[in-house]
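Residue numbers start from 1 in every chain, and the chains themselves are labelled A, B, ... in the order their sequence lines are given, proteins ahead of strands. Bear in mind that the values here come from a model prediction, so they are computed numbers and not experimental data.
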Amino acid sequence: MPKAMAHWLMKSEPDVYGIDHLEREGTTLWDGIRNYQARNYMRTMAIGDRAFFYHSNAKPPGIIGLMQVVETGLVDPSQFDPASKYFDGASKPEAPRWDCVRLGFLERFDALLSLDQLRQEFSAEDLPVVRQGNRLSILPVSEASAQKLLALLKLA
DNA sequence: GCCAACGTTGGC
DNA sequence: GCCAACGTTGGC
(Lines give C-alpha, C1' and ligand atoms only; values in the text may rest on other atoms or scores of the structure.)
Protein backbone atom coordinates (compact mmCIF):
# COMPACT_ATOMS: atom_id res chain seq x y z
CA MET A 1 0.00 0.00 0.00
CA PRO A 2 1.38 3.47 -0.82
CA LYS A 3 2.29 5.74 2.05
CA ALA A 4 -0.57 8.05 2.88
CA MET A 5 -0.03 11.67 1.96
CA ALA A 6 0.78 13.97 4.84
CA HIS A 7 -0.78 17.31 5.58
CA TRP A 8 0.95 20.50 6.65
CA LEU A 9 0.19 24.07 7.58
CA MET A 10 2.37 26.80 6.14
CA LYS A 11 2.24 30.46 7.09
CA SER A 12 2.87 33.48 4.93
CA GLU A 13 1.97 37.11 5.28
CA PRO A 14 -0.52 38.01 2.54
CA ASP A 15 1.17 41.38 2.02
CA VAL A 16 4.43 39.58 1.27
CA TYR A 17 3.19 36.44 -0.47
CA GLY A 18 -0.47 35.45 -0.22
CA ILE A 19 -2.90 33.09 -1.87
CA ASP A 20 -3.50 35.68 -4.63
CA HIS A 21 0.15 35.48 -5.66
CA LEU A 22 0.12 31.69 -5.69
CA GLU A 23 -3.12 31.46 -7.64
CA ARG A 24 -1.63 33.79 -10.25
CA GLU A 25 1.73 32.02 -10.50
CA GLY A 26 0.52 28.43 -10.18
CA THR A 27 3.57 27.25 -8.24
CA THR A 28 6.12 28.88 -5.98
CA LEU A 29 9.41 28.13 -4.31
CA TRP A 30 8.79 28.28 -0.54
CA ASP A 31 12.09 30.00 0.15
CA GLY A 32 13.34 32.18 2.98
CA ILE A 33 12.78 29.66 5.76
CA ARG A 34 15.53 30.32 8.33
CA ASN A 35 14.38 28.16 11.19
CA TYR A 36 15.86 24.72 11.57
CA GLN A 37 12.70 23.05 12.80
CA ALA A 38 10.69 24.41 9.90
CA ARG A 39 13.44 23.39 7.49
CA ASN A 40 13.50 19.90 8.93
CA TYR A 41 9.77 19.57 8.45
CA MET A 42 10.21 20.56 4.80
CA ARG A 43 12.83 17.85 4.45
CA THR A 44 10.27 15.23 5.43
CA MET A 45 7.74 16.41 2.85
CA ALA A 46 6.92 14.19 -0.10
CA ILE A 47 5.56 15.04 -3.51
CA GLY A 48 1.79 14.92 -3.27
CA ASP A 49 1.62 16.08 0.34
CA ARG A 50 -0.90 18.85 0.89
CA ALA A 51 -0.44 22.05 2.82
CA PHE A 52 -2.99 24.46 4.20
CA PHE A 53 -2.08 28.04 3.31
CA TYR A 54 -2.30 30.18 6.45
CA HIS A 55 -2.35 33.97 6.21
CA SER A 56 -0.39 35.35 9.14
CA ASN A 57 -0.25 38.99 10.20
CA ALA A 58 -3.62 39.36 8.49
CA LYS A 59 -6.95 40.71 9.67
CA PRO A 60 -8.04 38.20 10.62
CA PRO A 61 -5.32 35.55 10.41
CA GLY A 62 -6.43 32.10 9.27
CA ILE A 63 -6.51 29.37 6.64
CA ILE A 64 -7.40 30.54 3.15
CA GLY A 65 -6.22 27.89 0.70
CA LEU A 66 -4.78 24.51 -0.13
CA MET A 67 -1.47 23.70 -1.80
CA GLN A 68 0.30 20.59 -2.96
CA VAL A 69 3.99 19.74 -2.75
CA VAL A 70 5.24 19.41 -6.33
CA GLU A 71 9.03 19.32 -5.82
CA THR A 72 11.26 18.55 -2.84
CA GLY A 73 14.89 18.85 -1.79
CA LEU A 74 15.59 22.15 -3.58
CA VAL A 75 18.41 24.44 -2.54
CA ASP A 76 17.06 27.80 -1.39
CA PRO A 77 18.78 30.24 -3.77
CA SER A 78 18.11 33.28 -1.57
CA GLN A 79 20.77 32.18 0.94
CA PHE A 80 23.49 32.99 -1.62
CA ASP A 81 21.99 36.27 -2.82
CA PRO A 82 23.63 39.22 -1.02
CA ALA A 83 20.73 41.42 -2.08
CA SER A 84 18.19 39.16 -0.42
CA LYS A 85 16.97 39.72 3.11
CA TYR A 86 17.42 35.95 3.50
CA PHE A 87 21.12 36.04 2.57
CA ASP A 88 23.21 33.80 4.83
CA GLY A 89 26.93 34.49 4.53
CA ALA A 90 27.73 31.43 6.63
CA SER A 91 26.15 29.06 4.13
CA LYS A 92 28.50 27.69 1.48
CA PRO A 93 27.40 26.54 -1.99
CA GLU A 94 29.20 23.21 -1.47
CA ALA A 95 27.21 22.69 1.74
CA PRO A 96 23.98 24.68 1.57
CA ARG A 97 22.39 25.21 4.94
CA TRP A 98 18.86 25.99 3.71
CA ASP A 99 16.66 24.15 1.32
CA CYS A 100 13.03 24.31 0.38
CA VAL A 101 10.18 22.80 -1.58
CA ARG A 102 8.03 23.91 -4.50
CA LEU A 103 4.31 24.21 -3.89
CA GLY A 104 1.47 24.22 -6.36
CA PHE A 105 -1.87 25.99 -6.05
CA LEU A 106 -4.78 23.64 -5.49
CA GLU A 107 -7.63 25.67 -4.12
CA ARG A 108 -8.69 28.97 -2.67
CA PHE A 109 -11.50 28.61 -0.15
CA ASP A 110 -14.59 30.80 -0.41
CA ALA A 111 -14.13 32.02 3.15
CA LEU A 112 -11.13 32.24 5.41
CA LEU A 113 -11.23 29.93 8.44
CA SER A 114 -10.05 32.38 11.07
CA LEU A 115 -7.74 31.69 13.97
CA ASP A 116 -10.71 32.44 16.27
CA GLN A 117 -12.74 29.69 14.59
CA LEU A 118 -9.77 27.32 14.67
CA ARG A 119 -9.48 27.89 18.42
CA GLN A 120 -13.15 26.97 18.85
CA GLU A 121 -12.78 23.76 16.87
CA PHE A 122 -9.32 22.50 17.83
CA SER A 123 -7.16 22.08 20.90
CA ALA A 124 -3.50 23.00 20.79
CA GLU A 125 -2.70 19.28 20.79
CA ASP A 126 -4.84 18.67 17.70
CA LEU A 127 -3.69 21.76 15.80
CA PRO A 128 -0.55 23.41 17.17
CA VAL A 129 -1.07 26.65 15.26
CA VAL A 130 -3.77 27.62 17.78
CA ARG A 131 -1.28 27.49 20.62
CA GLN A 132 -0.54 30.97 21.88
CA GLY A 133 2.85 32.22 20.90
CA ASN A 134 3.49 29.59 18.24
CA ARG A 135 5.88 31.21 15.80
CA LEU A 136 6.83 28.20 13.76
CA SER A 137 5.87 28.87 10.14
CA ILE A 138 5.60 25.24 9.05
CA LEU A 139 3.64 22.74 11.12
CA PRO A 140 2.43 19.19 10.59
CA VAL A 141 -1.32 18.57 10.61
CA SER A 142 -2.62 15.18 11.72
CA GLU A 143 -4.77 13.21 9.32
CA ALA A 144 -7.82 13.57 11.59
CA SER A 145 -7.36 17.33 11.87
CA ALA A 146 -6.78 17.64 8.13
CA GLN A 147 -10.07 15.91 7.36
CA LYS A 148 -11.91 18.04 9.89
CA LEU A 149 -10.35 21.20 8.45
CA LEU A 150 -11.35 20.25 4.92
CA ALA A 151 -14.92 19.59 6.03
CA LEU A 152 -15.10 22.96 7.79
CA LEU A 153 -13.59 24.79 4.84
CA LYS A 154 -15.97 23.24 2.30
CA LEU A 155 -18.97 24.06 4.49
CA ALA A 156 -18.21 27.75 4.67
C1' DG B 1 2.28 50.05 18.91
C1' DC B 2 2.68 46.60 22.47
C1' DC B 3 4.38 42.58 24.11
C1' DA B 4 4.47 37.31 24.89
C1' DA B 5 6.91 33.60 23.20
C1' DC B 6 10.94 31.71 21.95
C1' DG B 7 15.02 30.85 18.81
C1' DT B 8 19.78 32.51 18.31
C1' DT B 9 24.06 34.56 19.62
C1' DG B 10 28.05 35.39 22.16
C1' DG B 11 30.62 36.14 26.48
C1' DC B 12 32.39 33.56 29.95
C1' DG C 1 27.82 24.29 28.37
C1' DC C 2 25.32 28.00 30.66
C1' DC C 3 22.52 31.82 30.26
C1' DA C 4 21.67 36.86 29.55
C1' DA C 5 20.90 39.79 25.86
C1' DC C 6 18.98 40.35 21.67
C1' DG C 7 16.05 39.80 17.58
C1' DT C 8 11.95 38.13 15.34
C1' DT C 9 7.26 36.46 14.89
C1' DG C 10 2.77 37.42 14.96
C1' DG C 11 -1.57 38.07 17.62
C1' DC C 12 -3.99 41.65 19.70
Between CD of E13(A) and P of dG11(C) the distance, given in whole Å, is 9 Å
So, applying ring pair (Phe, Tyr, Trp, His ring centres under 6.0 Å) with W30(A), which one of W8(A), Y41(A), F53(A), W98(A) is it? F53(A)
Answer yes or no on whether K148(A) is positioned over the face of F122(A), meaning its NZ or CZ is under 6.0 Å from the six-membered ring centre and within 45° of the axis. yes
Nearest-angstrom distance from the residue atom CG of N134(A) to P of dA5(B): 12 Å
From the options dA4(B), dG10(C), dG11(C), select the nucleotide whose nearest atom is closest to the side chain of R119(A). dG11(C)
Are any of K11(A)'s side-chain N or O atoms less than 4.0 Å away from OP1 or OP2 of dT9(C)? no
Grab the NE2-C1' distance between H55(A) and dG11(C) for me, whole Å please. 16 Å
Calculate the interatomic distance between Q132(A) atom CD and dC3(B) atom P; express it in whole Å. 14 Å
Any idea which of dG11(C), dA4(B), dC6(B) is nearest the R135(A) side chain? dC6(B)
Which whole-number value in Å describes the distance from I63(A) CD1 to dG11(C) P? 12 Å
Could you say whether D116(A) or Y86(A) is positioned toward the 5' end of DNA chain C, judged by the nucleotide with the nearest heavy atom to each? Y86(A)
Please report the distance, rounded to the nearest Å, between CG in D15(A) and P in dG11(C). 13 Å
Would you kindly say whether H7(A) and E143(A) are connected by a side-chain donor-acceptor distance under 3.5 Å? yes
For N35(A) and dT9(B), what is the distance between atoms CG and P respectively, to the nearest whole Å? 11 Å
Starting from P on dC6(B), measure out to CG on L139(A) and report it in whole angstrom. 12 Å
T72(A)/V101(A) under side-chain contact (heavy atoms from CB on, under 4.5 Å): CA gap, chis, key distance, verdict: CA-CA 5 Å; T72(A) 59; V101(A) 298; 4.3 Å; yes
